[in-house]
Amino acid sequence: MAKKHLWALFIVVATLAVVGVSLQADEFTDTDVERWQAEYMTVVAEGRALWGSPDLGTNGVACGQCHPNAANTHPETYPKFQKQLGRVIAVREMINWCIMNPLEGETLELDDPRMIALEAYIAYERRGVALDPGKH
Amino acid sequence: MKKQNPNRRDFLKGAGALAAASTLPLTSVELAFADSAKNFTFAYISDAHIQHIAGDRFVRNWDRGLIRAVAETNLLLPKPDFVMFGGDLAQLGTKAELDHGAEMLAKLNYKTHMVMGEHDYYLDLGEYWSELFGPHWYSFDHKGVHFVVLNSILTYDEWTFERWPTATQRMLEMAGLDNPNGSPFMVGEKQRAWLADDLSGVGKDTPVVVFSHSPIQKLYKGWNFWTEDAEQVQALLQPFNDATVIYGHVHQIQYNQIGNISFQAVMATAWPWPYPGTYAQAEHTMPKITVPMNRADPFFERDATGWQFIDLANGRTSMTYHLYNNTNRTVAYDPAAGKPVDTRFQDVGNRVPPQTHY
């Protein structure tokens, strides 16, 4: 019995040590926060550049021609039901839909860095608007 | 009817407009001028944005919008006295685009008057446009109404003449609606002096209708729904009992009343634009009386695009928005209210959910 108790004690101590390490890892500084924000803004800037780019599709049309400042992209409403597709979709599928149709282009992989940049940009232009998933 | 004009037939086939023939608006407005010869109609097509890809390829979507407007306008009965084209025939002001657009407009069976848009102008400052269509600003009289066409998309000289290394870059900078490197539109001092002079010979009871590309009001500067010297131009129009400004650029239904001046925007044939209020990061001053167009369904590429049919009775406009994939709208000046109103949707109780934008 005594041995069992010792083992239990050892496990508790070991667990604490692990938690202790992760507590330290969770500490971050203002510099860290600034760097992370800057990383995000770099991707937003890439998204903004793609937004005005004639090269995303094949006909020279850019997203920004119809969506100035990404208006009317409503990222806060996704996932939501698109009646023409007959199912609930993610905003990336609607981004691809607009690439295929008005831009006559090829769809992007859902984890393509350009797809992430487009989503980062539309989310940035919509910052402050409350999440409202499902809203048409 | 055997000898159908082959051009016209091809046209109808191409535009798929046959079905629309039975639904075109027939005006039934009572004669409002004492002299009935003064009541007339005209059509308004705007913002075609014909866009060159390469070689002989143009963006199909925008081509279809203009082809359809021209085909349907040609079917109007009674026939309009003339057609206005409200600017932005081209997307980047090139000869290829202006030529292609002019070719499509040439199929109109009516006299056509042109308004300059920024997409027509900022490559060569309207030089080629002028070769095709004539002066940048002018006036004409028709059946007792004085019409004025302004080039309202000019801007500060420094921006136009000094800031950009190439004409192509200047064009691209102005073409991006939300581009912070753009510059506010204006009519400018020279043209305002011309306008004052032009209007000095016009009686204050004569209806005056101004056509411009930008709104001649300050609605939202961020997208150039704006004219920098709007107040000065308005001041020249206020002395008239009936003044109307009809403008393009905004690709959406807008209407407003400021003093004696009624304002009405027209739709694009190319694509619709969001209302400024949908941009969460900026303030705007959109006219409160406007009942918005329906939110566009992207799965119908012609939704929220179209052209206009205007009844000018008593010098005031009744404008029917002929919408390709949607219920037509009519906005008419209401003498009792002293402003334009939507004949069907103005009352809050009559609005429909797609008119809510966010």
Side-chain angles (χ1 to χ4, degrees), chain A residues 44-45 47-77 80-86 89 91 93-105 121-132 134-136, chain B residues 47 49-54 57-63 88 91-92 94 97 119 172-173 175-182 220 222-225 250-252 268 270-282 284 292 295-305 353-354 356-358:
Chain A
V44 167
R48 167 77 196 185
L50 284 169
W51 205 252
S53 165
D55 302 325
L56 208 49
T58 61
N59 59 2
V61 174
C63 310
Q65 268 174 259
C66 298
H67 297 287
N69 293 109
N72 270 358
T73 58
H74 303 126
E76 80 283 7
T77 64
K80 77 174 170 199
F81 185 73
Q82 271 291 351
K83 73 166 188 261
Q84 297 88 343
L85 301 176
I89 63 164
V91 73
E93 294 177 80
M94 198 59 205
I95 291 175
N96 265 337
W97 193 91
C98 272
I99 291 177
M100 268 191 299
N101 292 283
L103 273 65
E104 300 179 49
Y121 173 64
I122 66 177
Y124 179 72
E125 288 283 34
R126 205 62 176 160
R127 66 197 180 278
V129 177
L131 278 179
D132 205 346
K135 178 178 179 178
H136 180 73
Chain B
D47 292 84
H49 290 266
I50 298 306
Q51 187 170 350
H52 191 208
I53 303 169
R57 287 175 65 222
F58 291 85
V59 174
R60 181 198 47 80
N61 192 344
W62 322 148
D63 274 16
D88 287 353
Q91 171 66 8
L92 294 175
T94 61
E97 290 174 351
H119 289 265
L172 284 168
E173 298 286 355
L177 190 72
D178 60 3
N179 180 8
N181 294 336
Y220 176 51
W223 298 346
N224 245 332
F225 288 12
V250 297
H251 299 203
Q252 59 193 230
W271 68 77
W273 262 331
Y275 283 91
T278 63
Y279 181 37
Q281 314 304 332
H284 63 90
R295 267 177 62 197
D297 181 340
F299 289 76
F300 290 82
E301 69 180 17
R302 294 266 69 71
D303 193 22
T305 67
T356 301
H357 294 244
Y358 62 92

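A, B, ... follow the sequence lines: proteins, then strands. Residue 1 opens every chain.
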*Just give me the residue among B:T356, B:V59, B:N61 that pairs up with chain A most often, heavy atom to heavy atom, under 4.5 Å.*
B:V59
*Contacting moiety of B:P180, where chain A heavy atoms sit under 4.5 Å*: side chain
_I need the residue from B:A54, B:P274, B:P272, B:G176 with the largest number of non-hydrogen atom pairs under 4.5 Å to chain A._
B:P274
*asked:* What's the separation between atom CG in B:D178 and atom CZ in A:R48, rounded to the nearest 0.5 Å?
replied: 4.0 Å
*Please flag which part of B:P353 lies under 4.5 Å from any non-hydrogen atom of chain A: side chain, backbone, both or neither.*
neither
_Please give me the minimum heavy-atom distance between B:Q281 and A:Y124, naming the atom from each residue._
NE2-O, 4.0 Å
*Write down the atom of A:P68, the atom of B:W273, and the distance for their closest heavy-atom approach.*
CD-CD1, 3.7 Å
*Run the numbers on B:Q51 and A:V61 for side chain to side chain contact (heavy atoms under 4.5 Å, CB included), then give the verdict.*
CA-CA 8 Å; B:Q51 187 170 350; A:V61 174; 3.8 Å; yes
*Shortest non-hydrogen contact between A:W97 and B:P298, atoms and distance*: CH2-O, 3.0 Å
*So which bits of residues 52-60 of chain A come within less than 4.5 Å of chain B, counting non-hydrogen atoms only?*
A:T58, A:N59, A:G60
*Supply the atom-to-atom distance B:H49 NE2 to A:Q65 CD, rounded to the nearest 0.5 angstrom.*
8.5 Å
*Would you call B:Y358 and A:T77 a side-chain contact if the rule is heavy atoms closer than 4.5 Å?*
yes
_Separation between CZ of B:F299 and CG of A:L85, rounded to the nearest 0.5 Å_ = 4.0 Å
_Part of A:H136 lying under 4.5 Å from any heavy atom of chain B_ = both
_So, taking the atom named OH in B:Y279 and the one named CG in A:N72, what distance separates them when rounded to the nearest 0.5 Å?_
13.5 Å
*Contacting region of A:N69 [heavy-atom separation from chain B under 4.5 Å]*: both
_According to side-chain hydrogen bond (donor to acceptor under 3.5 Å, both in side chains), who are the partners of A:E76, at least two apart in sequence or on a separate chain?_
A:R126
